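Below is one structure. I have some questions about it.
What you are looking at is a predicted structure, and each value in this text was computed from that prediction instead of being measured. Just so it is clear: chains get the letters A, B, ... in the order the sequence lines come, proteins before strands, and each one is counted from 1.
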Number of protein chains: 2
Amino acid sequence: MPRRTAPDDGQPRLATIRDVARHAGVSVATVSRILSGTYPSAPSTRAKVMRAVRELDYVANAHARGLAGVRPKSVAIVVNSVISPHYAHVAQGVQEEAAREGRLCIVGTTGGDPERELATIGLMRQEQAEAVILVGNIVADDAHRERMASIARALARAGSQLVLCGRPPLGPDVPAIVVEYDNTAGAHAITSHLLSVGHRRILFLGRRTGYTTPDSRIAGYRAALTTHRVPHDPGLEVDGTMERGEGHRMMRERLDRGPRDFTAIFAANDLIAAGARDALRERGLRIPDDISMVGFDDLPPAADIDLTTVQVPHEDLGRTAVRLALNSETPGTAQHVLLGTHIVTRTSVHHRPGP
Amino acid sequence: MPRRTAPDDGQPRLATIRDVARHAGVSVATVSRILSGTYPSAPSTRAKVMRAVRELDYVANAHARGLAGVRPKSVAIVVNSVISPHYAHVAQGVQEEAAREGRLCIVGTTGGDPERELATIGLMRQEQAEAVILVGNIVADDAHRERMASIARALARAGSQLVLCGRPPLGPDVPAIVVEYDNTAGAHAITSHLLSVGHRRILFLGRRTGYTTPDSRIAGYRAALTTHRVPHDPGLEVDGTMERGEGHRMMRERLDRGPRDFTAIFAANDLIAAGARDALRERGLRIPDDISMVGFDDLPPAADIDLTTVQVPHEDLGRTAVRLALNSETPGTAQHVLLGTHIVTRTSVHHRPGP
DNA sequence: CATCTACATGGAAGCGTTTCCGCTTGAGGG
DNA sequence: CCCTCAAGCGGAAACGCTTCCATGTAGATG
C-alpha cells in the first residue's frame, strides 16, 4: 500500500486544495475561505478560485476536513433490515430529514443480532456521526443493555447524540433520546373500536412478552376490556412472533383446537393479520362476514387485504429522531417523546348485533 | 467553533492514540502497529496497549485514518427511496454484501430527481467511498447523461468504482459496471406462458418508452408474440407509469372504452397489476375466472393478490454490484452483467380453450 | 499629508493517524 | 568472543484541510 507520492501509479493523484491554490495564484487559506463561503473576499479572487475548482474538478476531501475540526455532517442509522416495511419507512423519514439538513446518512443493518448491532455501532462511532439512531427492538439481556448504556455515555462524551426509535429507554440516567409512538393508546383505541360495535370475545394474536412493542399493545388491549367492563379471558391471548407465517400458524392451531369462541381478532401487527387471514380462508371463513379482524401498523399488506388497522407515523418517527438529535444543544440530555396514532377504517370489521 | 485545545469546554476530549501510547508507556507508532495487527510485536507490549485501549475507551478516528492514506472501507448507494420495495431489496443486498466484506454503507436518496442525484453523488465523492452504486431509473436527458459520464470518469480517477444497477449503460467508453437482470427474457417467458395456455389477445399495461426497464419488458412481450406467430396489435398496448394508481386508471379507462377485446393482461410490474385488479373488481370482473393476469417483479403485493409473475433477483442485484465493485482490480474497467429471472406460478392465470 | 481603520490575503500550526527509517537489543553462528 | 541479523520499538514526516495570527493595502479621517 504505497503512501508517499507514488510516481507513476496509474492512479493520477486527485486535485487537492493546494493544487487549486497554485492554479488560481492564491494561497491555500484563501481557497478554503472562499469555498466555505463564510468570509469576505474580493469578487475577482472568488472568480479565479471558482474557475480553478472547475478546471481541476476539485472535490474537498471529507476526511481531511473532518480531521481539521469540522464536525462531519452525518447521521447514522442502525436497523434490523431495510426490507421490512416498518424499518424502511422509518429509515425513509430519517433520510428525508437528514437530507433537508444537509446531512449524509450512514446505514447499518443488524439482522436482529445484538452482537452485530454492537459492532455496527462501533463503526459508526469511528465515523464521528452527529447522531446515532437505533431503530427497532432487539431481544436483549441485561448484559447487552448495560453495554448499550455504556456506549450511550461514550457517545455523549464524544458529542454524538444517541436516539432510540421505538425501543425502550435504557434507564433514567442514560443520555439518550427516546422516540416512540403510543402503542398502548393505539391498541386501546382499536380494541375499543371492536367493542363499540358489539364484539365481546376478541382473540389477541401476537407476542405476549419479551419485546416491548407488543407488550404495550397487549396492555392496551387489556386496558380497553377493562374500560368497557368486558371480562378478560387469558385463554383468548395467543402467543407467537410478529411474522406472517406465525400469524398463519397461530390461527390454524386455534381453529383446530375446538369450537370458535370469539367473534373478532386483534392481530398485534398487520403481518400477523395477513397470515391469520390466509388460515381463515383455508377453513372457508370470510372476513368480515364470519369474523372481524383488525391489525396494527398500516403497512403494505393492510391496504391490500382491506384491513382496518392502527395507522402509525413511521416516517414521522424517523424525522423526529433526526430533528431532536440535531437540535439537542447538549448531546447527552435524555428526552422521551411519544407520537400519536390513529385508526384507519377499511372493511374488515362487521357490526355484531348484541346478544 | 473552538478547535485548539479547548481547556474546559464541557466536552471532555476524546482519547487519541497518543493518550493510549502515554498510558501504556509505549510510542504512538507501536500502538498503531499493534492495533492494525499486521506487524510483529511482543505479547507483553500488546497486552499493555490493549489494556490502555480498554481503560481509555479508545476508538480510532476514521477521518484521521482516512487521511493518513488508508482507503476508507465503505460503499455508497444512491436510490430513489428506501420505501419502494424494489429499491429496498436491492439496498438490502448491498448492505449484506458490504457487511460481509467489512464495509460501511452510506445511503443517499434522490426522490427520482436528477439534480438531487448529482448532488448526492457529489457528497459521496467527498467521502471517497470505494464504490458508488446507483440503483434504478431516472428519466434523464442527454445533458444529464453527459454529466453522469464525466462523473464516472472522475470517480475512476479517484479510484472509486461506479456501478449502475438496473440502469442502462452510459456509453461504451464510460468506466462503469452495469448490473441488470434480463427484463426482455423475463417478459418473453411470461408472455409465452400466457400464450401457451391458449391466450391470443393479451393486453399490455405499462410504460412504452422513456425508461429502459419497461422498454425491454415490452420488447420481450412483442418478441414472444412473434415467436408464437400471434399477430401484434398496437391497440393492445396501453401506456402509463409504473405505479399502482396508474394501473387502476389504465384499466378503468380501457374497460370504459368499449367491448373487452382481450382475455389476459400482462402488467409491466406488480404494482400496475394490483391497480388493474382493483379496477376489474369494481366492474365485477374476477381473476382468473373472467380474465387472466400476470405481473413482473414478485414484490409484496404479488403474493397477496395471488399473482403469477416474474421473480427477479433483487437482492442478488445488490450483492453482485458490491462484489463486482470490490473485486474489480482496476476501477474504471467497464463491465456488463445480466442476471436471470424465473416465473413464479400462482392462481391468476386460467387455461383458455382454443377457438 | 500623516494616521487610523477595515478589509483581503498569506503563512503556518495543528487535527489523529499510518508508515518509513533508523536505532537498540538479544540471540545465534563463526 | 566478536560480528551479523532480525525482532521490536521510537521518532518523525506526511496526508488535506481549517483557522489563528500577522501582514499588506486601500480608503477614510484628522
### Query
Can you tell me how far C1' of D:dT19 sits from CG of A:Leu35, to the nearest Å?
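To the nearest whole Å, that distance equals 14 Å.
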
#### Entry: Interatomic distance where CZ belongs to B:Arg65 and P belongs to C:dT19 [whole Å]
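Going from B:Arg65 (CZ) to C:dT19 (P), I get 9 Å.
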
### Query
Looking across every strand, which nucleic acid part, if any, lies under 4.0 Å from A:Ala42 by heavy atom: base, sugar-phosphate, or nothing?
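Sugar-phosphate contact only - A:Ala42 comes under 4.0 Å of backbone atoms but never of a base.
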
### Message
Below 4.0 angstrom, which residues in residues 47-58 of chain B have at least one non-hydrogen atom near DNA chain D?
### Response
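The answer is none.
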
### Task
Could you tell me the separation between the CD1 atom of A:Ile133 and the CD1 atom of A:Ile106, rounded to the nearest 0.5 Å?
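Between atom CD1 of A:Ile133 and atom CD1 of A:Ile106 there are 11.5 Å.
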
### Task
Identify which nucleotide among D:dC15, D:dT18, C:dG10 has an atom closest to any side-chain atom of B:Ala68, counting heavy atoms from C-beta outward.
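Taking heavy atoms from C-beta onward, the closest nucleotide is D:dC15.
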
### Query
Would you say the side-chain atoms of B:Asn327 pair up with the backbone N or O of B:Leu324, donor to acceptor, closer than 3.5 Å?
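Checking the backbone N and O of B:Leu324 against the side chain of B:Asn327, no donor-acceptor pair under 3.5 Å is found.
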
### Task
Determine the contact category for B:Ser32: base if any of its heavy atoms lies under 4.0 Å from a base atom, sugar-phosphate if only primed atoms, P, OP1 or OP2 are that close, otherwise nothing.
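Since a base atom lies under 4.0 Å of B:Ser32, the category is base.
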
### Message
Would the distance check show the side chain of B:Glu315 and the main-chain N or O of B:His89 forming a donor-acceptor pair, the cut-off being under 3.5 Å?
### Response
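Such a contact is absent between B:Glu315 side chain and B:His89 backbone.
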
### Query
Counting only side-chain N and O atoms of A:Thr16, is one of them less than 4.0 Å from OP1 or OP2 of D:dG16?
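So the side-chain polar atoms of A:Thr16 never come under 4.0 Å of the phosphate oxygens OP1 or OP2 of D:dG16.
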
### Message
At 4.0 Å (heavy atoms only), tell me whether A:Val28 reaches a base, stays on the sugar-phosphate, or touches nothing.
### Response
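Result for A:Val28 = base.
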
### Message
Both B:Arg33 and B:His63 contact DNA chain C. Taking the nearest nucleotide for each, which residue is further toward the 5' end?
### Response
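Per heavy-atom nearest nucleotide, the more 5' residue is B:His63.
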
### Query
Does any non-hydrogen side-chain atom of A:His23 lie less than 4.5 Å from one of A:Val20?
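Heavy-atom side-chain distance check fails, nothing below 4.5 Å.
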
#### Entry: OP1 or OP2 of C:dG10 under 4.0 Å from side-chain N/O of A:Ser27
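Result: yes.
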
#### Entry: Short side-chain to backbone donor-acceptor contact, A:Ser84 and A:Ser81, under 3.5 Å
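No; zero donor-acceptor contacts below 3.5 Å.
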
#### Entry: B:Thr109 side-chain N/O to B:Gly111 backbone N/O, donor-acceptor pair under 3.5 Å
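Such a contact is absent between B:Thr109 side chain and B:Gly111 backbone.
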
### Spacing of A:Asp19 atom CG relative to D:dC17 atom C1', expressed in whole Å
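Interatomic distance, CG of A:Asp19 to C1' of D:dC17: 13 Å.
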
### Message
How many whole angstroms separate atom CG of B:Asn61 from atom C1' of C:dG14?
### Response
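Interatomic distance, CG of B:Asn61 to C1' of C:dG14: 14 Å.
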
### Query
Is there a donor-acceptor pair closer than 3.5 Å between any side-chain N or O of B:Gln161 and the backbone N or O of B:Val322?
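Such a contact is absent between B:Gln161 side chain and B:Val322 backbone.
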
### Task
Provide, to the nearest angstrom, the distance between the CZ atom belonging to B:Arg22 and the C1' atom belonging to C:dG16.
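Rounded to the whole Å, the gap is 13 Å.
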
### Query
Given atom CG of A:Leu67 and atom P of D:dC15, what is their separation to the nearest angstrom?
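Value for this atom pair: 14 Å.
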
### Task
Output the single nucleotide from D:dT18, C:dG16, C:dG10 whose closest atom is nearest the side chain of A:Ala29.
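The closest nucleotide is C:dG10.
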
### Length of the line joining A:Ile17:CD1 and D:dC17:P, which is rounded to integer Å
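Between P of D:dC17 and CD1 of A:Ile17: 5 Å.
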
### Task
Quickly work out the B:Gln128 CD to D:dC15 P distance and round it to whole Å.
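Those two atoms, CD and P, are 14 Å apart.
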
